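Every value quoted in this text rests on a predicted model; they were computed, and no experiment measured them. The sequence lines fix the lettering, A, B, ..., with proteins before strands; numbering per chain opens at 1. Side chains included, hydrogens not; waters and symmetry mates left out as well; all remaining heavy atoms used.
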Amino acid sequence: MAKAPQAVTQYRGKNFDARAIETFLYDWWETSGFFTPAEERPGEKPFVMMLPLPNVTGDLHLGHALSFGGYEDLMARWHRMRGEPTLWLPGSDHAGIIAQIVVEKELAKEFGTRKKGPEAPAAQEGLTRDQFLGEMWRWMEHYKPRIYKQLRMLGCSLDWTRVHFTMDPDLQRTVRTHFIRLYKNGHLYRANRIVHWCLTCGTTYSDLESKHIERTDQLSYVRYPWADPMPPGTPDVIVATTRPETILADTAVAVHPDDERWNALIGKEVLVPVVERRVKIIGDAVVDRAFGTGALKVTPGHDATDFDIGQRHGLQVLSVIDTRGLMTPAAGPLAGLDRDTARSAIVDRLRGAGLLVKQEPITHAVGVHERCDTVDEPLVMKQWWVRMPPLAKPAIEAVRNGSTRIIPGYQEKIFFEWMENIRDWPVSRQIWWGHPIPVWYCRDCEAIVVPEENAPDPTACPVCRSTDVRQDPDVLDTWFSSALWPHSTLGWPARTKDLARFYPGTVLETGYDILFYWVARMMMMGIENMGAVPFGVVYLHGLVRMGNQKMSKSKGNVVSPVGMIEEHGADALRYALVNGVSAGADSEFSEGKLENGRRFVNKLWNIGRFALAQLEARPEALAGAIDVSPAGGADLTEADRWILSRTEAAVLELTRLIEQYQFGEYATALQQFVWSEVADVYVELAKPQRRPAGSEDAAVRTLAYVFDRVLRLAHPIMPFVTDTLALQLWEHGPKDDPAPSLVVSRWPSAGARDRRLEDRFGLAIEVIRRIRDRRHDAGVEAGTKVRVALAGDADPLRPFAGIIASLAGAEVSFGGGAETPTVVRSVEIRVDLPKDAAADRARIEHELDAALTLLEHSRTLLGSDFATRAPAPVVEKARATLAEREAAVGSLKTELEKLGT
RNA sequence: GGACCCAUGGCUCAGCGGUUAGAGCACUCGGUUCACAUCCGAGGGGUCGCUGGUUCGAAUCCAGCUGGGUCCACCA
């Protein structure tokens, strides 16, 4: 292993400048192999996590930064420090349609051509399919390093020796095998069904990729004449539609079977306007009686609801719109028109024929393709489908029986809700960039040819021997390959060592917005292929907003973390994103949070600078055995023992929080400990000018120990600044860990605490605060010492006299004292300040008032059933509090009497 | 239409059954520049959305309501 880079070990900035060290440090971590799990040793349980593969052509956004640089790297680093062989596997997704569009745009720029119109966009550049795929691959070499560099900038401790891309040749073989097995196991079928078609992208898409937007359209009321003479008084059949151009493909009119206006007429026939086709009136409960006239035109070829109705009633499926959005020859007089022109043309015709009853505006939800907001054009097409309910069943069971736990827990309900109502998944996509469908069709006998697993592409039909076989031109939905990520990247279907060792994984961390797209599908396919769920825990994080808006490209408020890292460093950004956010909750990011992160990083850096300076001044302090337990070390001061005990408390607390996946709380608690306790109290007391003579070495030893612990505790969230400091700290000699870097060092385990000391020290801090308050109110100058006498129940404070003196700027004595006291718990504090009887009286009255309120609370509480019903320790605590409050009130009353006379 | 989440100081959020409800930012006042282009110290500010209920005890559990958000769904 190379030595740590000098740029890092020699860095001595007064403020921490992330730019000076981050890349050097990361390169060293990576080339040293710290991120690659060590060879397998018996009995070790690895920690395994897969990177939620970003789109190869994308840039990281703040959500990624939170996910990858926040939660995931935090977990990976923490588990690695716990001694678990840790595999966090990186990669990227070929991103099908998205990447194809990106590259098409690049090619358009390059070749100076302009893309327009829907059909086979890539072909417009004049490229054959093979040529276009060649271009795609060329661009992949441009995009892959980009996205991987951004992951490195975040500090992600990914094992780059195992990086994968979903279109890698080995993963292409994996996907092919998976498809073939799914087919053989009966999970795949090919069917002519209605699907969402995008006129812009030129491909079908699944329900999940469709969303709804509100829009106002014209609702046309159209009369369908009776096909046969009807008795007088028979009502006219009038339907309401926003898509009159599809009238040409109507094959029925549906009414609700319980609708008394219509149900007597079920079975009668009407004529479809313009084409004059006879169609039946049918009864179907899906019809909304309250909408329009209660009569629905049924167009199985161009509407999903109608398609289902058609299935139930055995209706013919007619198509009058093609994949370019143009009316087909079947549309007769309207053939060749686009859908909007056709709409107005048919309205004119209907009006001419006297069949248009009226038109009125209607605001309704229309389905659009989530990628491009193009209005859905439902079409009936032959597609490959995955039969989902049988695959969903064991995945539901896995969550029910706890094999996989979803955090936060309420997301399990959402998971069940969706999984229990899951619908089949159309996986064919009519684009070029993606995994080819390993199916061939015989053009002579129309046989479907799916090859055996390891067989080459078929060249002849096994049924009729014809050599005229052609591969399915479609590719698979991107999510079809990402669903395999947890096992495909480990070598499946081959039985590799990695697969045996690292499957199933430990945690899957990702945003709740892709629970269905990705997490659920990984679980289903993992169970199907491996017989086991791919991870034991699913940790879902929320969305990162900025300015209270969800970030999206269309809103133009996508903020790049790259610039923030360059300006403030990855540590600051990571900390700012994770701090104070709980699992699954959306969070609001702001400059203020980033600023806090930056300052915390700098605080850590400067505590380090102080500690290092102390070590350099007294190198001999670290010689020999170090006993820094709160109990040991005869020359330790009370302050040393206190911070040592608090450090152990912090170890316990921070460990617990990470174990319980409470990362936001971990970050907050860390800052609280480091800043308020280590920096503001202990470092102040460790300064040579404040130390009792002869205790300087003890301070240096304590500082070295505590700071080493602090660095370890902070490393998972702030890896760069902590390792920089650790490398410098460790140059000063003895450490209890042979690790060359914090990355591969050990997370501390908690040692003994001294609770009694912590409590008393806490009291001392309260007393100090009160003295400072009195000084502040009296306008005493900072440099001036005041005389302070402590009485009442002040004995526990005797060991801290020096500390109180030092931090409060006081000369401390016990007993008497002339001035009127202020009371903290049951300690009377007399600060020698200029006399002002009126002000003293007012102050004491005020204090007494507050003390009496508290006393009253205590008395009421203990006078109630609480005393008999609450658990003993709780009651005991309340009694102790009561005693303290009685003492405090007593002191204040006495004092007031003295003044009052 | 169904489901889920959220409602706590000026802002962003923690806390989710037990003393006087916390943090960061913002604010007020006072210092310092001897680890910290800063930092330190002190302080003000909350009837924890509303109404009931359970409990010795509720911001925390239950029910209903109001307001915000998200997801799912076949509104032509």
Query raised in the report: More than 12 heavy atoms of other residues, nucleotides or ligands under 6.0 Å from NE2 of A:His364: is that the case?
Result: yes
Requested in this report: Remember a base hit wins even if backbone is also touched, and classify A:Ser582 as base, sugar-phosphate or nothing at under 4.0 Å, heavy atoms.
Outcome: sugar-phosphate
**Report entry** Closest non-hydrogen atom pair, A:Gly63 against A:Val544
**Finding:** CA-CG2, 4.1 Å
Query - A:Arg574 versus A:Leu74, closest heavy-atom pair with distance - result: NH2-N, 4.4 Å
Query - Same-atom distance (P) from B:rG22 to B:rG46, integer angstrom - result: 13 Å
Query raised in the report: Going by the ring-ring contact (aromatic ring centres under 6.0 Å, His included) test, which pairs reach into residues 573-609 of chain A, not counting sequence neighbours?
Result: A:Tyr11-A:Trp605, A:Phe16-A:Trp605, A:Tyr575-A:Phe600
Requested in this report: Describe the nucleic acid contact of A:Asp865 in one word from base, sugar-phosphate, nothing, applying a heavy-atom distance below 4.0 Å.
Outcome: sugar-phosphate
Report summary line: Of A:Glu766 and A:Asn602, the one whose nearest nucleotide on RNA chain B sits closer to the 5' end is A:Glu766
Report summary line: Ranking B:rU20, B:rG41, B:rA23 by distance to the side chain of A:Gln672, first place goes to B:rA23
Query raised in the report: Using a cut-off of 4.0 Å on non-hydrogen atoms, how would the nucleic acid contact of A:Arg775 be classed: base, sugar-phosphate, or nothing?
Result: nothing
Query raised in the report: What does A:Pro408 touch in the nucleic acid at a heavy-atom separation under 4.0 angstrom: a base, only the sugar-phosphate, or nothing?
Result: nothing
Every protein N/O lying under 3.5 Å from an N/O of nucleotides 25-29 of chain B:
from	atom 1	to	atom 2	distance (Å)
B:rC25	OP1	A:Arg599	NH1	2.9
B:rC25	OP1	A:Arg599	NH2	2.7
B:rC29	O2	A:His776	NE2	3.1

Query raised in the report: Regarding A:Asn596 and A:Arg599, is there a side-chain donor-to-acceptor distance under 3.5 Å anywhere?
Result: no
Polar atom pairs (N or O), protein with nucleotides 5-10 of chain B, under 3.5 Å:
from	atom 1	to	atom 2	distance (Å)
B:rC5	OP1	A:Lys413	NZ	3.3

Query raised in the report: With side chains defined as the heavy atoms from C-beta onward, is the minimum distance between A:Leu573 and A:Leu62 less than 4.5 Å?
Result: yes
Query raised in the report: With the sugar-phosphate defined as primed atoms, P, OP1 and OP2, and the base as all remaining atoms, what B/S/- string results for nucleotides 60-67 of chain B, 5' to 3', for protein heavy atoms under 4.0 Å?
Result: --------
Query raised in the report: Nearest heavy-atom pair of A:Arg521 and A:Ser206: which atoms, and what distance?
Result: NH2-OG, 4.4 Å
Requested in this report: Answer yes if the side chains of A:Arg656 and A:Gln660 hold a donor-acceptor pair under 3.5 Å, and no otherwise.
Outcome: yes
**Report entry** Nearest to side-chain heavy atoms of A:Asn606, which nucleotide of B:rC34, B:rG43, B:rC36
**Finding:** B:rC36
Query raised in the report: Looking only at heavy atoms, what is the nearest atom pair of A:Ala240 and A:Tyr221, with distance?
Result: CB-CE2, 3.9 Å
Requested in this report: Report the residues that fulfil salt bridge (Lys or Arg N to Asp or Glu O under 4.0 Å) with A:Glu684, sequence neighbours left out, ordered by chain and then residue number.
Outcome: A:Lys687, A:Arg690
**Report entry** Touch class at under 4.0 angstrom, heavy-atom based, for A:Ile607 against every strand present
**Finding:** base
Let me have the donor-acceptor pairs involving side chains of residues 847-856 of chain A, under 3.5 Å, with sequence neighbours excluded, atom names and distances please.
from	atom 1	to	atom 2	distance (Å)
A:Glu847	OE1	A:Thr822	OG1	3.2
A:Glu847	OE1	A:Val823	N	3.1
A:Glu847	OE2	A:Thr822	OG1	2.6
A:Glu847	OE2	A:Arg843	NH1	3.4
A:Thr853	OG1	A:Asp849	O	2.9

Query raised in the report: Less than 4.5 Å apart, any side-chain heavy atom of A:Thr242 and any of A:Val366?
Result: no
Query - Closest-nucleotide ordering on RNA chain B, the 5'-leading residue of A:Ile768 and A:Ser864 - result: A:Ile768
Requested in this report: Determine: side-chain N/O of A:Lys603 to OP1/OP2 of B:rC40, distance under 4.0 Å, yes or no.
Outcome: yes
Query raised in the report: According to a strict under-4.0 Å criterion, is A:Asn15 in side-chain N/O contact with OP1 or OP2 of B:rC36?
Result: no
Query raised in the report: Distance check: side-chain N/O of A:Lys687 vs OP1/OP2 of B:rA35, anything under 4.0 Å?
Result: yes
Report task. Determine the contact category for A:Gly664: base if any of its heavy atoms lies under 4.0 Å from a base atom, sugar-phosphate if only primed atoms, P, OP1 or OP2 are that close, otherwise nothing. Result -> nothing
Report task. Quick one: pull up CG in A:Leu833 and CZ in A:Arg774 and give me the separation to the nearest 0.5 Å. Result -> 5.0 Å
Query - Nearest-angstrom distance, C1' atom, B:rU32 to B:rU38 - result: 10 Å
Query raised in the report: Is there a side-chain contact between A:Val578 and A:Tyr666, using heavy atoms and a 4.5 Å cut-off?
Result: no
Query raised in the report: Going by heavy atoms closer than 4.0 Å, what residues in residues 677-684 of chain A are next to RNA chain B?
Result: A:Ala679, A:Asp680, A:Val683, A:Glu684
Query - Span that lies between the C1' atom of B:rG69 and that of B:rU51, in whole angstrom - result: 23 Å
Report task. Would you tell me whether A:Arg12 and A:Gln728 have side-chain atoms, one donor and one acceptor, within less than 3.5 Å of each other? Result -> yes
Requested in this report: Measure the shortest side-chain to side-chain distance between A:Trp262 and A:Ile281 over non-hydrogen atoms and say whether it is less than 4.5 angstrom.
Outcome: no
Query - Side-chain touch A:Phe610/A:Leu615, heavy atoms, less than 4.5 angstrom - result: no
**Report entry** ring-ring contact (aromatic ring centres under 6.0 Å, His included) partners for A:Tyr512, two or more places apart
**Finding:** none
Query - Qualifying side chain to side chain donor-acceptor pair (under 3.5 Å) pairs, either residue in residues 870-881 of chain A, two or more places apart - result: none
Restricting to nitrogen or oxygen on both sides, can you table the protein-nucleotides 72-76 of chain B pairs closer than 3.5 Å?
from	atom 1	to	atom 2	distance (Å)
B:rC74	OP1	A:Arg423	NH1	3.1
B:rC74	OP1	A:Arg423	NH2	3.3
B:rC74	O4'	A:Thr305	OG1	3.2
B:rC74	O2'	A:Thr305	OG1	2.5
B:rC75	O2	A:Asp288	OD2	3.4
B:rA76	OP1	A:His364	ND1	2.7
B:rA76	OP1	A:Ala365	O	2.6
B:rA76	OP2	A:His364	ND1	3.3
B:rA76	O5'	A:His364	ND1	2.9
B:rA76	N6	A:Asp288	O	2.6
B:rA76	N1	A:Asp288	N	3.1

Requested in this report: Could you tell me whether the phosphate oxygens of B:rU20, OP1 or OP2, come under 4.0 Å of any side-chain nitrogen or oxygen in A:His857?
Outcome: yes
Query - A:Arg598 side-chain proximity, nearest of B:rU38, B:rG18, B:rA23 - result: B:rU38
What are the atom names and distances for every N/O pair under 3.5 Å that joins the protein to nucleotides 44-47 of chain B?
none

Report task. Would you write the dot-bracket representation of RNA chain B, where each base gets (, ), [, ], | or . depending on whether it forms a Watson-Crick or G-U pair under 3.5 Å and with which partner? Result -> (((((((..((((....[...)))).(((((.......))))).....(((((..]....))))))))))))....
Report summary line: Closest of B:rU19, B:rA23, B:rC4 to the A:Lys877 side chain is B:rU19
**Report entry** Whole-Å P distance, B:rC72 and B:rC39
**Finding:** 45 Å
